[in-house]
2 protein chains.
Amino acid sequence: MASHSTTTADLGFAQMLRAHGLRATAQRRAIYSVFADAARADASNAHLSAEEVFQQARVQLPELSRATVYNALGELAEAGLLGLVEGPGPRRFDANVSAHHHFRCRICQELQDVELDSVEVTLRERGFQVESSHVMLEGLCPGCAARPSPAGA
Amino acid sequence: MASHSTTTADLGFAQMLRAHGLRATAQRRAIYSVFADAARADASNAHLSAEEVFQQARVQLPELSRATVYNALGELAEAGLLGLVEGPGPRRFDANVSAHHHFRCRICQELQDVELDSVEVTLRERGFQVESSHVMLEGLCPGCAARPSPAGA
DNA sequence: CTGTCTGCAAACTTTTTGCATATAG
DNA sequence: CTATATGCAAAAAGTTTGCAGACAG
């Protein structure tokens, strides 16, 4: 129960995939659309696990398999179409590609987006109690950056 | 091949555990000492997975079981004696309890501590290439903070 | 057409659990 | 003593893989 023009938007999706050497398949479209639909239902950005995406996407595409969901989520994340959030429990993916932080509640475990301009102080004003924070930077360490590329061994 | 005074230090360890309602067992001491030994060997802070800790600790305490290691690591982390780092692959723990960030190399996957005063610019000067960063804040969301405590249901 | 992608089911890795026993306090 | 912690082994949870066939480009 949720598809926009099914023409312009889908073309854009196909383009983005092609730009990363990925083919536009019905499975990937179904998987990606789960995030759009969830956002519409939740009002806010959803953070979905592979299993949740699988269950939802299967509604539109019953023959979809888990392996395909895992593959597609990894590919979409690598292509920059989805964001990947590591944490306790399964990995979660979100469609919010813009720079943002995440806040996880110790009790309900719910994950919420935090815009970059709202840090701990602002959060506290909104009723969040920040107990710990963790920053993970990723890229190339000096050793690997010095090596031309992981060609030979 | 690595134990300090085996008296004062151990007492401190027992005290810290007791302060969190945990008993001082030989297993927990062996598990915790793995980090101290690793730090001495590596010169820098080690980020160990449960399996690595298990293998190392078993040298001192052969009858140690995996389940105990998983339990102990979780308890020590919750008690604030160890830090927990989530990411791809297994969870990793470190003995660096002070506030710090982590940097993971995309190629070698190695994890390094990053002091708070050295952010992306400083890292770049040191030869690191930061490609992405992720911040995870944890605590209580407005809803759970409002509820007195998760008593009834 | 051709090479990528998919489905299936099984393997693999990582973590948790149940229960009888051992042990710290 | 008594409740907590442990060991064992099995299961649950989460993710990856191999291979034959389907489909996008």
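Please read these numbers as outputs of a predicted model, since none were measured by experiment.
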Trainee: Parallel, tilted or perpendicular: which fits the ring planes of A/F35 and A/Y32, with parallel below 30° and perpendicular above 60°?
Mentor: tilted
Trainee: Please collect all side-chain hydrogen bond (donor to acceptor under 3.5 Å, both in side chains) contacts where either partner lies in residues 20-31 of chain B, sequence neighbours excluded, each pair once.
Mentor: B/R28-B/E75
Trainee: Given atom CG of B/N71 and atom P of D/dA3, what is their separation to the nearest angstrom?
Mentor: 20 Å
Trainee: Give the rounded distance in Å between these two atoms: CZ of A/R29 and P of C/dC5.
Mentor: 14 Å
Trainee: Nearest heavy-atom pair of A/A50 and A/L73: which atoms, and what distance?
Mentor: CA-CD1, 3.6 Å
Trainee: Report the residue from B/L48, B/V85, B/N45 that forms a side chain to side chain contact (heavy atoms under 4.5 Å, CB included) with B/L111.
Mentor: B/V85
Trainee: On a heavy-atom basis, which atom in A/L116 and which in A/A99 lie closest, and how many Å separate them?
Mentor: CD1-CB, 3.3 Å
Trainee: For a quick test of reading the model: is some side-chain N or O of B/T25 closer than 4.0 Å to OP1 or OP2 of C/dA24?
Mentor: no
Trainee: We want to know whether A/D113 and A/H47 form a side-chain donor-acceptor pair, criterion being a heavy-atom distance below 3.5 angstrom.
Mentor: yes
Trainee: Examine D/dG7: is either OP1 or OP2 under 4.0 Å from a nitrogen or oxygen in the side chain of B/T68? Give yes or no.
Mentor: yes
Trainee: Within the 4.0 Å limit for protein heavy atoms, which parts of nucleotides 9-15 of chain C are touched? Write it as a string from 5' to 3', B for base, S for sugar-phosphate only, - for none.
Mentor: B----SB
Trainee: Please report the distance, rounded to the nearest Å, between CZ in A/R28 and C1' in C/dT6.
Mentor: 9 Å
Trainee: Would you kindly give the CG-to-P distance between B/L73 and D/dA5, to the nearest whole Å?
Mentor: 15 Å
Trainee: Choose from D/dG7, C/dG7, D/dG25 the nucleotide whose nearest atom is closest to any side-chain atom of A/R23.
Mentor: D/dG25
Trainee: Verify the contact: side-chain N or O of A/Q27 to OP1 or OP2 of D/dC23, cut-off strictly under 4.0 Å; return yes or no.
Mentor: no
Trainee: Write down the atom of A/A46, the atom of A/D94, and the distance for their closest heavy-atom approach.
Mentor: O-CB, 3.4 Å
Trainee: Is it true that A/R58 and A/Q55 share a donor-acceptor pair across their side chains at a distance under 3.5 Å?
Mentor: yes
Trainee: May I have the distance from B/L61 (atom CG) to D/dA5 (atom C1'), rounded to whole angstrom?
Mentor: 13 Å
Trainee: So A/A26, base contact, sugar-phosphate only, or nothing? Heavy-atom distance under 4.0 Å.
Mentor: nothing
Trainee: From C-beta outward on A/R18, which listed nucleotide comes closest to its side chain: D/dT6, D/dG25, C/dG7?
Mentor: D/dG25
Trainee: A/H20 has an atom NE2; how far is it from atom P of C/dC5, in whole Å?
Mentor: 13 Å
Trainee: Tell me, do B/M136 and B/E86 make a side-chain contact under 4.5 Å, heavy atoms counted?
Mentor: no
Trainee: At their closest point, which heavy atom of A/A57 faces which heavy atom of A/L64, and how far apart are they?
Mentor: CB-CD2, 3.4 Å
Trainee: If I take atom CG in residue B/L64 and atom P in nucleotide D/dA5, what distance separates them, rounded to the nearest angstrom?
Mentor: 15 Å
Trainee: In whole angstroms, how far is the P atom of D/dA24 from the CG atom of A/L17?
Mentor: 13 Å
Trainee: For DNA chain C, whose closest nucleotide is more 5', that of A/G21 or that of B/A24?
Mentor: A/G21
Trainee: To the nearest 10°, give me the bend of the helix from C/dC1-D/dG25 to C/dG25-D/dC1, comparing the axes of its five terminal pairs at either end.
Mentor: 50°
